[in-house]
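Counting starts at 1 for both ligands and their atoms, following the listed order. Side-chain atoms are counted along with the backbone in the values below, which use heavy atoms only and exclude waters and symmetry mates. Along the sequence shown, residues carry numbers from 1.
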Amino acid sequence: MKLTGAEILCETLTRLGVRHIFGYPGGAILPVYDALGKSKLHHILVRHEQGATHMADGYARASGGIGVAMATSGPGATNMVTGIATAMLDSSPVVCITGNVSSKLLGSDAFQEVDITGITMPITKHNVVVTKAEDVARTLREAFLIANSGRPGPVLVDVTKDAQQATAEFDWETCAPKLPAKRVRETYDQAQFDRAVELLNSAKRPVILAGRGILLSGAVRAFSQFAQAANIPVAMTLLGIGCFPASDALNLGMMGMHGEAWVNHAIQEADLLVAVGMRFDDRVTGDLRTYAKNARKIHIEIDRAEINKNVPVDAALIGDAGETLTKLLPRVETRDHAAWMRRIAEMKGDAAVRDIQSLPDSGHLYAAHVINDLWKETRGEAVVVTDVGQHQMWEAQYYHHNAPHTLITSGGLGTMGFALPAAIGAKFARPEADVWVVAGDGGFQMTMSELATIVQEKIKVNIAIINNGYLGMVRQWQEFFYDKRYVATPLVAPDFVALANAFGLRGERVTERGGVIPAIRAARESAETVLLDFRVEQEDSVYPMVPAGASLHEMIRRPNSPLVETAAEP
Ligand SMILES: Cc1cc2nc3c(=O)[nH]c(=O)nc-3n(C[C@H](O)[C@H](O)[C@H](O)COP(=O)(O)OP(=O)(O)OC[C@H]3O[C@@H](n4cnc5c(N)ncnc54)[C@H](O)[C@@H]3O)c2cc1C
Ligand SMILES: Cc1ncc(C[n+]2csc(CCOP(=O)(O)OP(=O)(O)O)c2C)c(N)n1
Ligand SMILES: [Mg+2]
């Protein structure tokens with residue numbers, strides 16, 4: 001069958017199981033758009049190509065599959081850069097397709113020509129230029145394979161206009177990928193495995209560090225069986241949240257810069273850390289010289305490059321988390337760690353039992369209240385997509401996630417503007433889910449034009465803006481480390497309710513604690529997207545906080561005040 005490169009592209013995507021493409025057209029990708037119109041693929045027109053990449057990323061994170069974004073050459077492609085880097089830092093499988101000028105014009109500074117493969121080389125897992133129609137199908141199939149195998153990541157396929165327009169023979173069998181099929185090699189030797197078993201079965205004060213690799217591996221069940229069998233408490237990274245139920249007795253909570261104080265202390269006192277699918281990010285370890293000095297370490301990790309990168313380990317089990325945990329399970333002996341659990345409970349002290357819900361209503365609305373009420377109202381079952389800043393940390397602390405893929409957030413790059421588009425992607429992946437955007441007044445203003453995408457596509461998400469009138473997380477650093485010199489952090493915002501109305505959406509402003517639950521209920525009951533503008537305390541800070549570069553146990557705690565650090569146990 002003879003097809004144009006553009007038709008081959010659409011046909012290949014369809015056969016690969018793609019249903020949604022987030023994109024924005026332009027001259028260099030027009031042949032593909034023409035073919036798209038004749039295909040069954042659902043194209044979602046975004047308002048900025050950054051939005052397309054975050055949508056594809058949110059789609060991937062919510063579904064466990066691959067998200068697809070598309071853009072034209074030049075500015076369309078460069079607008080994708082932030083979204084690609086966001087996906088790269090969090091190992092998210094996204095395939096980006098860009099058009100480019102005709103192959104004979106490449107390198108001539110032609111209209112809207114940029115070397116997008118050069119630009120994205122360090123922020124893609126793989127990228128490639130396709131200049132011939134006959135290479136389109138195989139290259140795309142390879143891109144999908146690479147994006148979602150081993151350690152996942154973004155792949156960019158740049159297709160020149162002549163490759164889209166030329167015709168070629170299309171035959172699914174002959175365009176099979178030429179890469180080795182998905183294969184995760186166990187590269188640890190038996191001695192490492194035996195050492196890990198010995199460490200696991202002899203530890204007195206063990207802690208599991210659970211990361212996003214568990215979610216990427218689809219190993220939630222295997223992980224839970226392992227943790228229960230070993231009877232070891234579980235601390236989670238920000239991106240690991242959801243891989244183990246918050247309600248489980250073994251769950252300790254989040255570790256790291258804004259993790260729970262007792263979790264960080266437990267890590268510092270541990271005699272064994274079992275790191276599973278996490279990469280010892282600097283937000284997690286604090287000062288490496290003082291990090292968990294008394295602990296032996298086991299690292300279960302698919303990417304060899306992560307082993308001994310930041311933290312030297314005693315046993316490295318390189319491979320897929322699910323497969324490794326399943327192999328370890330029969331060798332794990334269930335030990336009584338009651339004394340250790342008691343010690344951790346002691347470290348929780350009063351921080352764990354103070355319940356913000358039982359505090360008298362002082363008339364102030366705190367972000368923690370909003371998030372905790374959201375958790376209660378949605379019974380912890382919503383898919384929450386956050387932006388970056390204080391509200392992101394409060395979400396991690398006060399919304400207790402029990403199910404995998406229910407917290408979607410930009411961790412590694414920390415990309416403001418992520419939440420709204422990523423939530424749109426998540427909604428396409430899981431149309432039945434109650435999807436909530438939790439964004440700051442700063443980050444929301446970066447990509448709020450995607451409200452129009454919501455309207456055009458007639459989708460329903462709920463939007464909670466935690467509006468503190470500041471670039472709050474930066475203001476907090478200025479408060480703590482720059483003598484309260486609030487340079488460039490007070491922030492004017494539009495009237496968000498009027499803004500929602502301008503897009504044809506309903507909006508509501510909430511200024512008092514009593515208004516939170518009714519507003520959340522009304523938003524959930526509405527068939528259409530509702531934007532809630534929560535006017536919260538302006539100069540509140542996130543506690544605890546490990547200052548950048550300090551030791552993990554050197555946390556700034558909330559000064560004496562009627563406020564509390566932690567909500568009730570789930
Ligand atoms: C404002 C802000 C504050 C933050 N504060 C904190 C904080 O207090 N605490 C915190 O934890 N984080 C915090 N973060 C996030 C932090 O920057 C990192 O993004 C996060 O800690 C990384 O978590 P991770 O290692 O679990 O996930 P990733 O960075 O996604 O790493 C996943 C790891 O799993 C591996 N992997 C992938 N697939 C598999 C598989 N199949 N099997 C085995 N392994 C696999 C990967 O190779 C990788 O090493 C903050 C971010 C921001 C923006
Ligand atoms: C694109 C981008 N620019 C700058 C930053 C640095 N930064 C991190 S948090 C933050 C403030 C976020 O403010 P807001 O969205 O209002 O959230 P809040 O912290 O107030 O909850 C800034 C500027 C970033 N993470 N991303
Ligand atoms: Mg703010």
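Among protein heavy atoms, the minimum distance from atom 28 (P) of ligand 1 is reached at Arg279 NE, 3.7 Å. For atom 4 (C) of ligand 2, the closest non-hydrogen atom of the protein is Met416 SD, 3.7 Å. Scanning all protein heavy atoms for the shortest distance to atom 51 (C) of ligand 1 gives Gly411 O, 3.5 Å.
Ring geometry, His364 versus Tyr366: the interplanar angle falls under 30°, so the pair is classed parallel (tilted spans 30 to 60°). Between Tyr543 and Phe480, the angle of the ring planes lies from 30° to 60°, which puts this pair in the tilted group.
Ligand 1 lies out of reach of Ala219, whose nearest heavy atom is not under 4.0 Å from it.
Atoms of ligand 1 lying under 4.0 Å from at least one heavy atom of Gly319, given by number and element, are 42 (N), 43 (C). Using a 4.0 Å cut-off to heavy atoms of Met255, the atoms of ligand 1 that qualify are 7 (C), 8 (O), 9 (N), 10 (C), 11 (O). Those atoms of ligand 1 with a heavy atom of Val284 less than 4.0 angstrom away are 10 (C), 11 (O), 21 (O). Atoms of ligand 1 found under 4.0 Å from any heavy atom of Gly277, numbered from 1 in the order shown, are 26 (O), 32 (C), 33 (C), 34 (O), 44 (N). Remark: ligand 1 atoms within the under-4.0 Å shell around heavy atoms of Met393 are 2 (C), 3 (C), 4 (C), 5 (N). With ligand atoms numbered from 1 in the order given, ligand 2 contributes 18 (P), 19 (O), 21 (O) to contacts under 4.0 Å with heavy atoms of Gln390. Taking every heavy atom of Val474 and a limit of under 4.0 angstrom, the matching atoms of ligand 2 come to 7 (N), 10 (C), 22 (C), 23 (C).
Here Asp281 has side-chain heavy atoms under 4.0 Å from ligand 1, and that is the only part of it that gets that close. Contact annotation: for Leu238 versus ligand 1, heavy atoms closer than 4.0 Å belong to both the backbone and the side chain. Under 4.0 angstrom from ligand 2, there are no non-hydrogen atoms of Phe444. Of all the heavy atoms of Met278, the ones lying under 4.0 Å from any atom of ligand 1 are found in both the backbone and the side chain.
A side-chain donor from one of Gln392 and Thr409 sits under 3.5 Å from a side-chain acceptor of the other.
Backbone and side-chain nitrogen or oxygen atoms of His258 are examined, and one is located within less than 3.5 angstrom of a nitrogen or oxygen of ligand 1. Considering backbone and side-chain atoms together, Gly412 places an N or O closer than 3.5 Å to an N or O of ligand 1.
For the Mg ion (ligand 3), the N/O/S atoms of Tyr470 include one lying under 2.8 Å.
Between the Asn148 side chain and the Pro93 main chain, no donor and acceptor come within less than 3.5 Å of each other. Panel note: side chain Asp441, backbone Gly469; a donor-acceptor pair is recorded below 3.5 Å.
In summary, the aromatic rings of His369 and Tyr398 are positioned with their centroids too far apart to meet the 6.0 Å limit.
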